[in-house]
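Take a look at the structure set out below.
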2 protein chains.
Amino acid sequence: MTDDLMSVLHSPRRRELLRLCWDEPCAAGALHAAMPDVTFGAISQHLAALRAAGLVDVVAQGRNRLYQTRRAALGPFRRWLEQSWDDALYRLTLAAELEASRRGPRTTSRTRSRTRRRP
Amino acid sequence: MTDDLMSVLHSPRRRELLRLCWDEPCAAGALHAAMPDVTFGAISQHLAALRAAGLVDVVAQGRNRLYQTRRAALGPFRRWLEQSWDDALYRLTLAAELEASRRGPRTTSRTRSRTRRRP
DNA sequence: GGAATACTTTAGTTGCAACTAAAGCATGAC
DNA sequence: GTCATGCTTTAGTTGCAACTAAAGTATTCC
């Protein structure tokens with residue numbers, strides 16, 4: 001699960017695509033226009049990978065296909081990070097930030113076994 | 001920065017290595033013993049990559065070299081996730097968890113430009 | 001119907017990352 | 001000193017992921 005997500009998110013190109021359609025649906029052509037150093041085909045293939053991983057939603061609209069990032073799908077990825085993490089300190093700082101945000105706008109802050117040794 | 005981290009963390013093998021020396025320093029040989037399906041050389045190469053990315057600390061101890069995960073180094077990675085995230089809902093659930101933990105143990109188209117179309 | 005647009009899919013290439021095997025380099029024991 | 005151990009580095013191979021080019025599909029407009 002996380003492995004799949006990782007291998008998809010590994011590509012800077014795909015992360016960029018996710019970023020581009022993060023806030024609003026975006027046509028494949030528009031996404032391509034934003035990264036003109038590759039062919040349309042390449043973009044379409046990346047979008048297919050994101051689709052397969054469930055990281056984007058697609059809706060057809062006329063001749064266009066509108067892509068949008070499914071933020072919720074990044075949850076397992078985030079959870080992986082958190083599970084393998086010493087959360088104590090982080091949670092405390094986050095709690096502090098939450099406190100602050102209630103008052104005003106934030107300004108963020110063995111053994112041995114050598115294998116495969118054949119003659 | 002995040003790109004580098006991503007390309008290092010992309011490998012399940014390296015994530016496993018990080019996990020293995022998460023809580024205590026661990027000799028390279030011991031790490032290899034935990035994943036005997038690859039050669040010692042391969043492990044050493046992965047450890048070199050983790051070292052280069054600053055994700056592990058190493059100390060020599062006699063003939064051994066002890067590796068330990070630098071959890072703090074995963075910070076930027078985590079921050080990337082958070083920055084590109086709709087945090088509102090997440091923060092609310094986290095706040096709820098914090099509340100609960102105070103009471104008892106948790107159970108927790110625009111333009112078009114097809115390029116590279118040569119004759 | 002046909003032409004144009006918007007996108008996807010397929011086939012083929014290329015570069016890189018993970019690996020093996022083997023040599024190299026320290027350190028400790030003798 | 002020599003030998004063994006523990007690890008790293010180098011050289012070479014192999015498989016895969018990102019890409020291009022081109023063909024294919026679907027929709028709209030005339």
Side-chain angles (χ1 to χ4, degrees), chain A residues 3-18 20-21 25-53 56-68 110-119, chain B residues 3-17 20-21 25-53 56-68 109-119:
Chain A
D3 271 17
D4 297 346
L5 275 178
M6 275 296 205
S7 56
V8 169
L9 291 173
H10 168 227
S11 156
R13 203 71 88 174
R14 288 198 281 264
R15 292 206 304 279
E16 177 69 3
L17 284 170
L18 285 183
L20 286 168
C21 54
C26 214
L31 293 169
H32 174 235
M35 29 179 88
D37 56 320
V38 283
T39 59
F40 212 117
I43 297 298
S44 189
Q45 284 167 37
H46 280 307
L47 289 172
L50 291 171
R51 229 184 304 136
V56 290
D57 282 327
V58 208
V59 294
Q61 191 186 62
R63 283 179 281 201
N64 298 309
R65 314 203 76 206
L66 302 180
Y67 284 84
Q68 179 150 31
R110 295 154 231 203
T111 55
R112 179 192 169 85
S113 67
R114 292 193 200 234
T115 54
R116 313 271 166 115
R117 296 272 165 148
R118 304 190 199 91
Chain B
D3 271 17
D4 297 346
L5 275 179
M6 275 294 204
S7 56
V8 169
L9 290 172
H10 168 226
S11 156
R13 202 72 88 174
R14 288 198 280 263
R15 292 206 303 280
E16 176 70 2
L17 285 169
L20 286 167
C21 55
C26 213
L31 293 170
H32 174 234
M35 29 178 88
D37 57 320
V38 284
T39 58
F40 211 117
I43 298 297
S44 190
Q45 283 167 37
H46 280 307
L47 289 172
L50 291 171
R51 228 184 304 134
V56 290
D57 282 327
V58 209
V59 294
Q61 191 186 64
R63 282 179 280 199
N64 300 309
R65 316 203 74 205
L66 303 180
Y67 284 84
Q68 179 149 29
S109 168
R110 292 125 198 186
T111 56
R112 177 195 169 84
S113 67
R114 293 193 199 235
T115 54
R116 312 271 167 116
R117 297 269 164 152
R118 303 191 200 90

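Chain A is the first sequence line, chain B the second, and so forth, proteins listed ahead of strands; every chain is numbered from 1.
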Quiz prompt | Nucleotide C/dT8, atom P - distance to CG of A/Leu50 in whole Å | solution = 12 Å
Practice problem: Would you mind reading off the distance between A/His10 atom NE2 and C/dA17 atom P, rounded to a whole angstrom? | Solution: 8 Å
Quiz prompt | Separation of D/dG24 P from A/Arg65 CZ (nearest whole Å) | solution = 20 Å
Quiz item: Distance-only, no hydrogens or angles: does the B/Arg14 side chain make a donor-acceptor pair with backbone N or O of B/Ser7 under 3.5 Å?
Solution: yes
Quiz prompt | Protein-nucleotide distance (A/Leu47, atom CG; D/dC19, atom P), rounded to Å | solution = 12 Å
Quiz item: Under the 3.5 angstrom rule, does the side chain of A/Arg65 hit a backbone N or O of A/Ala27 as a donor-acceptor pair?
Solution: no
Quiz item: Which heavy atom of B/Val8 sits nearest a heavy atom of B/Ala49, and at what distance?
Solution: CG2-O, 4.4 Å
Quiz item: Between D/dT27 and A/Asn64, is there an OP1 or OP2 to side-chain N/O distance shorter than 4.0 Å?
Solution: no
Contacts under 3.5 Å, N or O only, protein and nucleotides 25-30 of chain C:
none

Quiz prompt | Spacing of CG belonging to B/Leu17 relative to CZ belonging to B/Arg15, to within rounding of 0.5 Å | solution = 11.5 Å
Self-check item: Euclidean distance, atom CG of residue A/Leu31 to atom C1' of C/dT8 [Å, nearest integer]
Solution: 15 Å
Practice problem: Calculate, to the nearest 0.5 Å, the distance between atoms CD and CG belonging to B/Glu16 and B/Leu31 respectively. | Solution: 9.5 Å
Quiz prompt | Contact summary for B/Ile43 and B/Val38, nearest pair of heavy atoms | solution = CD1-CG2, 3.6 Å
Quiz item: Is the shortest side-chain N/O distance from A/Tyr67 to OP1 or OP2 of C/dT8 below 4.0 Å?
Solution: yes
Quiz item: Looking only at side-chain N and O atoms, does A/His46 come under 4.0 Å of OP1 or OP2 in D/dC19?
Solution: yes
Quiz item: What is the distance from CG of B/Leu9 to P of C/dA17, rounded to the nearest Å?
Solution: 15 Å
Quiz item: For the pair made of CD1 in B/Ile43 and P in C/dA17, what is the distance, rounded to whole Å?
Solution: 18 Å
Quiz item: Of all the choices, D/dT8, D/dC7, C/dT20, which nucleotide is nearest to the side chain of B/Thr39 once you look at every atom?
Solution: C/dT20
Quiz item: How close or far is atom C1' of D/dT8 from atom CG of B/Leu66, stated in whole angstroms?
Solution: 16 Å
Quiz item: Taking the inter-plane angle between the rings of A/His32 and A/Phe40 on a 0 to 90° scale, is it parallel (under 30°), tilted (30 to 60°) or perpendicular (over 60°)?
Solution: tilted
Atom pairs, protein N/O to nucleotides 9-12 of chain D N/O, distance under 3.5 Å:
from   : atom 1 : to      : atom 2 : distance (Å)
D/dT10 : O4     : B/Gln45 : NE2    : 2.9

Self-check item: Phosphate OP1/OP2 of C/dC19 contacted by B/Arg13 side-chain N/O (<4.0 Å)
Solution: yes
Practice problem: Determine the minimum heavy-atom distance between B/Arg51 and B/Ser44, stating which atoms define it. | Solution: NH2-O, 4.3 Å
Self-check item: Side-chain heavy-atom pair A/Leu20, A/Met35 within 4.5 angstrom cut-off
Solution: yes
